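Some notes on the structure that comes next.
A quick note: this is a predicted structure, and the numbers were derived from the prediction, not measured.
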Amino acid sequence: MDSSGSSNVSDIKAVAQDAQAKDILVFIDEIHRFSSAQQDYLLDLTETGTFDLIAATTGNPYHVLTPALVSRASIFQLEPHSLEDLQQVVERAVAFLASQKDLHVRLKADAMKQLIGRAGGDARRVLNALETLVLGSVPGSAVPITGAMVEKVYQASPCPLIAKATTTTTRSRRSSNRCAGRTRTPPSIGWPA
């Protein structure tokens, strides 16, 4: 479902009709862009068991969601990935590139350290940087990546002003079903755990 502000209640109704025929899990990224009326309609659909809802927001869910939706949701704060986690993400991506794309990435130790260190705990950011580094490589070729190359990629896409972000998950409950989604939120917001 599109959360860019172009979705309306009729779009939500269409998803609800599909959900009548089968169990559906709906994920809405940037749910804060939905109006109060749209959020209330979603709430009604989750309460009646039409579908399960997972939503993500870049804002504080206690401020950007309707009080009714917040009162019926489970909200989780997730921490940024550790450097070890990010290294595993990169290693898996490199293995994928070798097996599925026939790109043989040779990542030097200093490049790995920079790649994961500059990501701010964000796996999506490290994968985007790696993708940029291998973009245009010819299948079957070796792709050496140096620290200087990583530096260049991150200079083109600087870290946000908030170097460390936490992640929050909102989970709307229907009956006994539980779902989870995730969202990025600045750490300076001190909301209850």
Side-chain angles (χ1 to χ4, degrees), residues 1-4 24-33 52-61 64 73-172 178-191 193:
M1 187 174 301
D2 183 15
S3 63
S4 64
I24 284 191
L25 176 65
V26 175
F27 175 76
I28 300 174
D29 192 12
E30 299 184 9
I31 193 169
H32 60 275
R33 294 180 184 233
D52 290 319
L53 173 66
I54 300 173
T57 180
T58 54
N60 181 336
V64 298
S74 296
I75 298 173
F76 300 94
Q77 184 169 341
L78 305 175
E79 298 299 322
H81 291 285
S82 69
L83 294 176
E84 293 80 17
D85 292 341
L86 289 178
Q87 184 166 345
Q88 286 181 354
V89 167
V90 171
E91 289 168 352
R92 289 178 66 188
V94 166
F96 170 83
L97 290 170
S99 67
Q100 302 297 315
K101 304 293 181 182
D102 198 22
L103 293 175
H104 306 284
V105 177
R106 293 195 177 107
L107 197 59
K108 298 185 184 238
D110 67 321
M112 173 68 89
K113 195 172 185 177
Q114 278 184 287
L115 190 62
I116 64 177
R118 296 277 307 268
D122 188 341
R124 183 174 40 185
R125 183 167 165 76
V126 79
L127 288 172
N128 287 341
L130 182 61
E131 181 180 26
T132 301
L133 288 162
V134 301
L135 199 62
S137 299
V138 179
S141 66
V143 185
I145 297 176
T146 65
M149 293 167 69
V150 172
E151 183 65 29
K152 206 175 225 183
V153 166
Y154 278 123
Q155 282 179 352
S157 171
C159 286
L161 292 177
I162 300 168
K164 187 176 179 187
T166 56
T167 303
T168 304
T169 301
T170 59
R171 190 165 89 169
S172 180
R178 294 183 175 198
C179 308
R182 55 184 221 198
T183 163
R184 310 270 316 151
T185 307
S188 57
I189 298 174
W191 23 297

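Residues Ile145 and Val134 form a side-chain contact, since some pair of their non-hydrogen atoms from C-beta on lies under 4.5 Å apart. Two residues are said to be in side-chain contact when any heavy atoms from C-beta on lie closer than 4.5 Å; Glu131 and Asn128 meet this criterion.
Nearest heavy atom pair, residue Ala56 against residue Phe27, reads CB-CZ, 4.0 Å. Here the closest non-hydrogen pair linking Gly120 and Pro80 is O-CB, 4.0 Å.
For residues 85-94, the pairs satisfying side-chain hydrogen bond (donor to acceptor under 3.5 Å, both in side chains) are Ser82-Asp85, Gln87-Glu91, with sequence neighbours left out.
Atom CG of Leu130 sits about 11.0 Å away from atom CZ of Phe96, to the nearest 0.5 Å. For the atom pair CG of Leu127 and OG1 of Thr132, the computed distance is 10.5 Å after rounding to the nearest 0.5 Å. The distance from atom NZ of Lys152 to atom OG1 of Thr146, rounded to the nearest 0.5 Å, is 9.5 Å. Considering CD1 of Ile54 and CD1 of Ile31, their distance stands at 11.5 Å, rounded to 0.5 Å.
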In residues 104-117, what donor-acceptor pairs under 3.5 Å come from side-chain atoms, sequence neighbours left out?
residue: His104; atom: NE2; partner: Asp102; partner atom: OD1; Å: 3.0
residue: Gln114; atom: NE2; partner: Glu151; partner atom: OE1; Å: 3.1

